[in-house]
Amino acid sequence: IVMYRFMFKRLFDIIFSIVMGIILLPVTLLCMIVIFLSTGSPVFFTQGRMGRYHRPFTVLKLRTMIRNAELRQDEGLSYDKLITREGRLLRKLHFDEFPQLINVFLGQMSVVGPRPLSIKDYSTFAENNQEYNILNDFRPGITGLASIYFYASENLRKKLLNTMGLKKLPCDENHFSRHKQLADYYHEHCSLLLDLKILYWTGLLVLEKRFSK
């Protein structure tokens, strides 16, 4: 387990990001063209996230919101109206996540790991005196327990917890407390088998959202 955490996990990330990057390149380029023709540039969305060793990095995604979305939201435009028509589809299919393979290849992220917190959310953890120690050992992941848990339906969430041997989380409704519990569980139990399970459940989550109304 120790060898996987600190050696083979990174090797897996490099191989996965190269192979999947090549396979998904045509789809990614098509999505970029659609975004550009629909709403112009930029086609990418960038945001500061907290990385391993608590060092900030810039995450890369396909843009799914209108330009100057943050400014428009401050002006009172509802969140629902900030998302573009093609952006809704990209989010539903998780195609907007594809450019993060570049972050993985560069060593800023991992395929599977703790959810990459925005700088603002990371600061909220600090304000609540909750240490996010997992970043001492792991890079944030494109997918992970929190990514599945927070976006899955109640039915899929229960199946996830049962299959992974997790009892129903005895935590309050606070988003950050629940987030930290999932990160702590991954920190303690990380293995190749757990990562493969998370990838499997991520696939189920994508299919569930793909065929949902």
Side-chain angles (χ1 to χ4, degrees), residues 9-51 56-73 77-119 139-153 156 160 195-213:
K9 186 172 175 63
R10 177 57 186 152
L11 180 61
F12 173 80
D13 286 340
I14 294 174
I15 295 174
F16 186 94
S17 61
I18 293 175
V19 173
M20 292 305 296
I22 294 173
I23 293 174
L24 298 174
L25 182 59
V27 178
T28 304
L29 290 175
L30 178 60
C31 292
M32 291 170 61
I33 293 173
V34 171
I35 293 171
F36 181 78
L37 292 178
S38 177
T39 57
S41 61
V43 297
F44 293 112
F45 166 78
T46 58
Q47 186 181 54
R49 301 290 176 93
M50 191 58 69
F57 72 98
T58 301
V59 72
L60 191 65
K61 294 185 178 185
L62 291 175
R63 182 169 60 84
T64 59
M65 305 179 80
I66 62 175
R67 288 179 292 179
N68 300 317
E70 292 185 3
L71 178 61
R72 297 297 301 278
Q73 188 172 27
L77 194 64
S78 66
Y79 182 81
D80 186 61
K81 292 183 178 180
L82 293 174
I83 305 174
T84 63
R85 182 176 59 181
E86 65 276 5
R88 295 183 192 281
L89 180 60
L90 291 178
R91 289 190 177 195
K92 187 171 185 177
L93 299 177
H94 289 266
F95 284 5
D96 60 313
E97 310 281 353
F98 291 169
Q100 289 181 89
L101 290 170
I102 297 175
N103 293 115
V104 174
F105 180 76
L106 294 176
Q108 299 166 331
M109 294 182 68
S110 184
V111 177
V112 179
R115 196 173 176 188
L117 294 174
S118 67
I119 304 302
R139 298 172 178 84
I142 294 178
T143 187
L145 289 177
S147 299
I148 302 171
Y149 186 87
F150 289 118
Y151 290 101
S153 65
L156 182 58
L160 164 73
D195 278 5
L196 291 177
K197 285 182 177 180
I198 291 174
L199 288 173
Y200 168 75
W201 282 100
T202 300
L204 289 185
L205 173 61
V206 172
L207 289 175
E208 179 184 67
K209 295 180 72 174
R210 168 64 180 82
F211 293 105
S212 63
K213 294 182 180 180

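For this chain, numbers begin at 1 and follow the sequence in order. Below, each value reflects all heavy atoms present in this structure, side chains not excepted, and no hydrogens, waters or symmetry copies.
- A 6.0 Å sphere centred on CZ of Phe44 holds more than 12 heavy atoms belonging to other residues, nucleotides or ligands.
- With values rounded to the nearest 0.5 angstrom, Leu62 atom CG is found 9.5 Å from Gln100 atom CD.
- Closest of all the heavy-atom pairs between Ser147 and Arg115 is OG-CG, 4.0 Å.
- Counting heavy atoms from C-beta on, the side chains of Val104 and Met109 come closer than 4.5 Å.
- With values rounded to the nearest 0.5 angstrom, His94 atom NE2 is found 4.5 Å from Leu205 atom CG.
- Not a single donor-acceptor pair under 3.5 Å links the side chain of Thr84 to the backbone N or O of Met65.
- The side-chain heavy atoms of Met50 and Ile119, taken from C-beta on, include a pair separated by under 4.5 Å.
- The closest donor-acceptor contact from the side chain of Asp13 to the backbone of Val111 lies under 3.5 Å.
- Summarising the geometry, atom CD1 belonging to Ile148 is positioned 8.0 Å from atom CG belonging to Leu199; distances are rounded to the nearest 0.5 Å.
- Closest approach of Leu90 and Cys31 over heavy atoms only: CD2-SG, 3.5 Å.
- Distance alone, capped at 3.5 Å, is enough to place a donor-acceptor pair between the Arg139 side chain and the Gly107 backbone.
- The closest donor-acceptor contact from the side chain of Ser17 to the backbone of Ile14 lies under 3.5 Å.
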Inset, instruction - Start with the C-alpha gap between Ile198 and Leu145, add the side-chain angles, then the distance that decides, and say whether side chain to side chain contact (heavy atoms under 4.5 Å, CB included) holds. - result: CA-CA 7 Å; Ile198 291 174; Leu145 289 177; 4.0 Å; yes
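- For the atom pair Phe98 CZ and Lys61 NZ, the distance stands at 13.0 Å (nearest 0.5 Å).
- The line from CH2 of Trp201 to CG of Leu196 is 14.5 Å long, rounded to the nearest 0.5 Å.
- Lys9 has a carboxylate O that lies under 4.0 Å from a charged side-chain N of Asp195, or vice versa, which qualifies the two as a salt bridge.
- Although no hydrogens or angles enter the test, the distance criterion places a donor-acceptor pair under 3.5 Å between the side chain of Asn103 and the main chain of Leu60.
- Here CD of Glu86 is found 14.0 Å from CZ of Phe95. Values are rounded to the nearest 0.5 Å.
- Between Pro42 and Ile35, the closest heavy-atom pair is O-CG2, 4.4 Å.
- In plain terms, the two heavy atoms of Phe105 and Arg10 that are nearest each other are O-NH2, 2.9 Å.
- Between Pro140 and Phe57, the shortest heavy-atom contact is CG-CE2, 4.1 Å.
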